[in-house]
Amino acid sequence: MKKLSWWQYKTIYQIYPRSFMDSNGDGIGDLQGIISKLDYLKDLGVDILWVSPFFKSPQGDWGYDVSDYLGIDPDYGDLHDAEALIDHVHRRGMRVLFDLVLNHTSDQHPWFIQSRSRRDDPKRDWYIWRDGRGNRPPNNWQSILGGSGWHHDPTTNQWYYASFLPFQPDLNYRNPQVIDEIFNIAKYWLDRGVDGFRLDIFHTIFKDEEIRNNPLSFDLLPDNFTSGYFQKWLYNMNQPEAIQFAKEFRQLADSYSPERVLLGELYANEPTILKYLGANQDGLNLVFLWNLLKVPPQATSLRRVLRFYESNFPDPHMPVYVYGNHDSRRLISRIGEDPRVAALLALLQLTARGVPVLYYGEEIGMSGVQLPLADSLDPVGKRFGWLPEFLVRRMNLFINRDECRTSMQWGDTENAGFCPPGTKPWLPIHENYSRMNVKNQAKEEKSLFNIYRRLLHLRKSSAALQFGHMEILNVDDSNDQVLAYLRTFGQENLLILLNFSNAEFDFPFRAMDNNVVFFIGNYQFIPGDIIRMDPWSGLILNAG
């Protein structure tokens, strides 16, 4: 077997820096706060930290609107703090990825300020400017959030394009100067020891050179961001040049030693995702896969996802298993606030073949906080603030991303240990913090936190879980109760069983207590070589 690269068998933990730990008492998380919790992350058992943007920004989209890629926003610290973070992570044998927003900048970035100043400015072609059609936008392209992505600028009487929010104008990657500057930025951070990048909305960075209209579609709401708002997103996303750019970026990353990694956020069908990864594994190293954000916690649905991943992303590709992030409803809030279900999903994520990505707070079952849409700090929430609150809740819409970005719940004291007592955190903290926190769960042997911790350390010690082949066992597809698969490497054979139901389940397997490697819930051995699993229980067995 070919030796795997380090990024193919490690676990990733996403930190939203504004909400992780406040070190200076201003109610905002910062880089020194992250550094102060590195021993916690090391003890938890994660390997790679993905840190959301902390670059200089007007904070219109909380760092995803960058005004200086080489500067650190004062809310989070300074360059010394960023370099210290890299150093302290490496001292603990972990790695760190910075979040690089390639598609757009803030409209306060000096590049854009210069670009919009006049039509003949040298930076004009660094962004996408076009004449309108009379009083109408240049074409029918819409933003990811709906409505035209074109915005009229009266200074020069032209329109600029923004894939996301109006204050985030898209860069023009058809200008070689833009690519050169982006590579210089990447080199700047790679030279300082960052282990790679998470690449934000990578699928949008190139647009059709002829600015052709997108064709019509019958899809109203976005479907995997390939269509929506009654048009197919054919010409403003997933252009062939983006796939070539992925390969060029990979060449840059591969020129560094030790090996660096590129983790792409993109939305596309599976054949297109494989093109981004490269037929010869010469594109992006990893790409997020979103299926587990959508399926219910049922054995049939999860089995279908596992089979889909295994058939579409076989070795040497590594599926990326993710349940949540800074843009999604929190996992525990999607599954009825049930820690038993969360524990089984953790068992699945950390034992299936692939790269697990944890969102901060998932390890303690942090809930989303229901916050009034009218009071949203999230610019997406503000955009839809006119919607009646009761309608948003009744339709189960997730519009206000503030709800999944609240402060990490470290302890049971005021402000959950995130910031000092008497300080107002930047977002309200969930009222359950006094019982749902790291301090309390660390003391409880069967807590969700300790389940995550034991699984993460078991994964580190098991070649089968890190490198092994996965075989999904042939359970009747109509069986919505049990999910079963084998992980094998050399002489190590592990059988994973998960009972996603309120009923007992009998699984035919000859075993004794010394076969049990890990368990959630309860089980018993029944005469006749049967394992009887309690409802919502999970087992890892040494299968010999």
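Scored by the side-chain contact (heavy atoms from CB on, under 4.5 Å) test, M436 finds Q409, N432, Q441 as partners (sequence neighbours excluded).
Salt bridge absent: D87 and R192 never bring a charged side-chain N and a carboxylate O closer than 4.0 Å. Checked for salt-bridge contact, R329 and E403 miss the test: no charged N lies under 4.0 Å from a carboxylate O. Using a 4.0 Å cut-off between charged nitrogen and carboxylate oxygen, R250 and D254 count as a salt-bridge pair. Note on D68 versus K56: no salt bridge recorded, every NZ/NE/NH1/NH2 to OD/OE distance being 4.0 Å or above. A salt bridge links D61 with R401: the distance from a Lys NZ or Arg NE/NH1/NH2 to an Asp or Glu carboxylate oxygen falls below 4.0 Å.
Counting all heavy atoms, side chain and backbone alike, A484 lies closest to L497 at CB-CD2, 3.6 Å. Closest heavy-atom contact between L473 and R307: O-NH2, 4.0 Å. Counting all heavy atoms, side chain and backbone alike, G33 lies closest to S23 at N-CB, 3.6 Å. Between L347 and L539 the shortest heavy-atom distance is CD2-N, 4.1 Å. Considering every non-hydrogen atom in both P53 and P17, the closest pair reads O-CG, 4.0 Å. For the residue pair G60 and D65, the shortest heavy atom distance occurs at N-OD2, 2.7 Å.
Between the CG atom of L284 and the CD1 atom of I243 there is a distance of 9.5 Å, given to the nearest 0.5 Å. The distance from the CG atom of L171 to the CG atom of L102 is 8.5 Å, given to the nearest 0.5 Å. The CD1 atom of I48 sits 12.0 Å away from the CG atom of L358 when rounded to the nearest 0.5 Å. How far CD of Q168 is from OH of Y64: 11.0 Å, rounded to the nearest 0.5 Å. Here the CZ-OG1 distance, from F164 to T204, works out to 10.5 Å after rounding to the nearest 0.5 Å. Taken from NE2 in H90 to CG in L85, the straight-line distance is 9.0 Å, to the nearest 0.5 Å.
There is no side-chain donor-acceptor pair under 3.5 Å between D315 and H469. One side chain, D47 or T11, offers a donor N or O that lies under 3.5 Å from an acceptor on the other. Residues S57 and D73 have side chains that never bring a donor and an acceptor to within less than 3.5 angstrom of each other. There is no side-chain donor-acceptor pair under 3.5 Å between Y323 and R330. A donor-acceptor pair shorter than 3.5 Å can be found between the side chains of E337 and S333. Side-chain contact of S407 with W426: a donor-acceptor pair under 3.5 Å is absent, judged by distance alone. Using a 3.5 Å distance cut-off with no hydrogens or angles, the side chains of S462 and E492 do pair a donor with an acceptor. Using a 3.5 Å distance cut-off with no hydrogens or angles, the side chains of D170 and N103 do pair a donor with an acceptor.
Counting only distance, with no hydrogens or angles, the side chain of R198 and the backbone of E265 share no donor-acceptor pair below 3.5 Å. Checked by atom type and distance alone, the side chain of N499 never pairs as donor or acceptor with a backbone atom of S537 at under 3.5 Å. Judged purely by atom type and a 3.5 angstrom limit, Q281 has no side-chain atom pairing as donor or acceptor with the backbone of H317. N285 places a side-chain N or O within 3.5 Å of a backbone atom of L262 that can act as its donor or acceptor partner. The backbone N or O of A352 sits less than 3.5 Å from a side-chain atom of R487, completing a donor-acceptor pair. A donor-acceptor pair under 3.5 Å links the side-chain atoms of Q349 to the main chain of V357, judged by distance alone. No side-chain donor-acceptor contact under 3.5 Å links N312 to the backbone of E270. Looking at D195, its side chain does come within 3.5 Å of a backbone N or O of V96 through a donor-acceptor pair. Proximity of a side-chain donor or acceptor of Y276 to a complementary backbone N or O of F202 within less than 3.5 Å is not detected. A donor-acceptor pair under 3.5 Å is absent between the side-chain atoms of S5 and the main chain of Q8, judged by distance alone.
Contact annotation: the side chain of I531 approaches that of L541 to within less than 4.5 Å [non-hydrogen atoms, C-beta and beyond]. Residues I273 and L289 meet the side-chain proximity criterion, which asks for heavy atoms closer than 4.5 Å. Within the 4.5 Å cutoff, side-chain heavy atoms of M408 are placed close to those of V438. At least one side-chain heavy atom of L44 sits under 4.5 Å from a side-chain heavy atom of F449. Side-chain atoms of L38 and L49, non-hydrogen and from C-beta on, do get closer than 4.5 Å to each other. Side-chain contact between L302 and L348: present, with at least one pair of heavy atoms (C-beta onward) separated by less than 4.5 Å. With a 4.5 Å cut-off on side-chain heavy atoms, T351 and F518 do not count as touching. Within the 4.5 Å cutoff, the side chain of I185 has heavy atoms near those of the L70 side chain.
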*Test salt bridge (Lys or Arg N to Asp or Glu O under 4.0 Å) on D327 and R405 and set out the steps.*
CA-CA 8 Å; D327 292 328; R405 298 174 176 182; 3.1 Å; yes
*R353 and E310: side chain to side chain contact (heavy atoms under 4.5 Å, CB included), yes or no, with the steps?*
CA-CA 8 Å; R353 188 187 72 87; E310 286 298 291; 3.0 Å; yes
_side chain to side chain contact (heavy atoms under 4.5 Å, CB included) for I335 and L345? Distances and angles first, verdict last._
CA-CA 10 Å; I335 57 176; L345 290 173; 4.2 Å; yes
*Going through the distances and angles, do L495 and N515 end up as a side chain to side chain contact (heavy atoms under 4.5 Å, CB included)?*
CA-CA 10 Å; L495 171 64; N515 290 101; over 6 Å; no
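Ring-plane geometry between Y267 and W290 is classed as parallel, the angle between the planes falling under 30 degrees on a 0 to 90 degree scale with a further cut at 60. Between F500 and W536, the angle of the ring planes goes over 60°, which puts this pair in the perpendicular group of the 30/60° scheme. Taking the six-membered ring where tryptophan is involved, the planes of F249 and F197 are tilted, since the angle between them lies from 30° to 60°.
With a 6.0 Å radius and a threshold of 12 heavy atoms from other residues, nucleotides or ligands, K37 has its NZ atom above the threshold.
In this structure, Y40 has its ring center under 6.0 Å from that of W410. Between F55 and Y76, the distance from one ring center to the other does not fall under 6.0 angstrom. Aromatic ring centroids of F98 and F54 lie under 6.0 Å apart.
When each of F245, W189, Y69 is tested with F183 by the rule ring-ring contact (aromatic ring centres under 6.0 Å, His included), just one qualifies, namely F245. The ring-ring contact (aromatic ring centres under 6.0 Å, His included) with W50 is formed by just one residue from the set Y13, F288, W7, F20; it is F288.
A salt bridge (Lys or Arg N to Asp or Glu O under 4.0 Å) check over residues 439-448, counting only residues at least two apart or in different chains, returns the pairs D412-K439.
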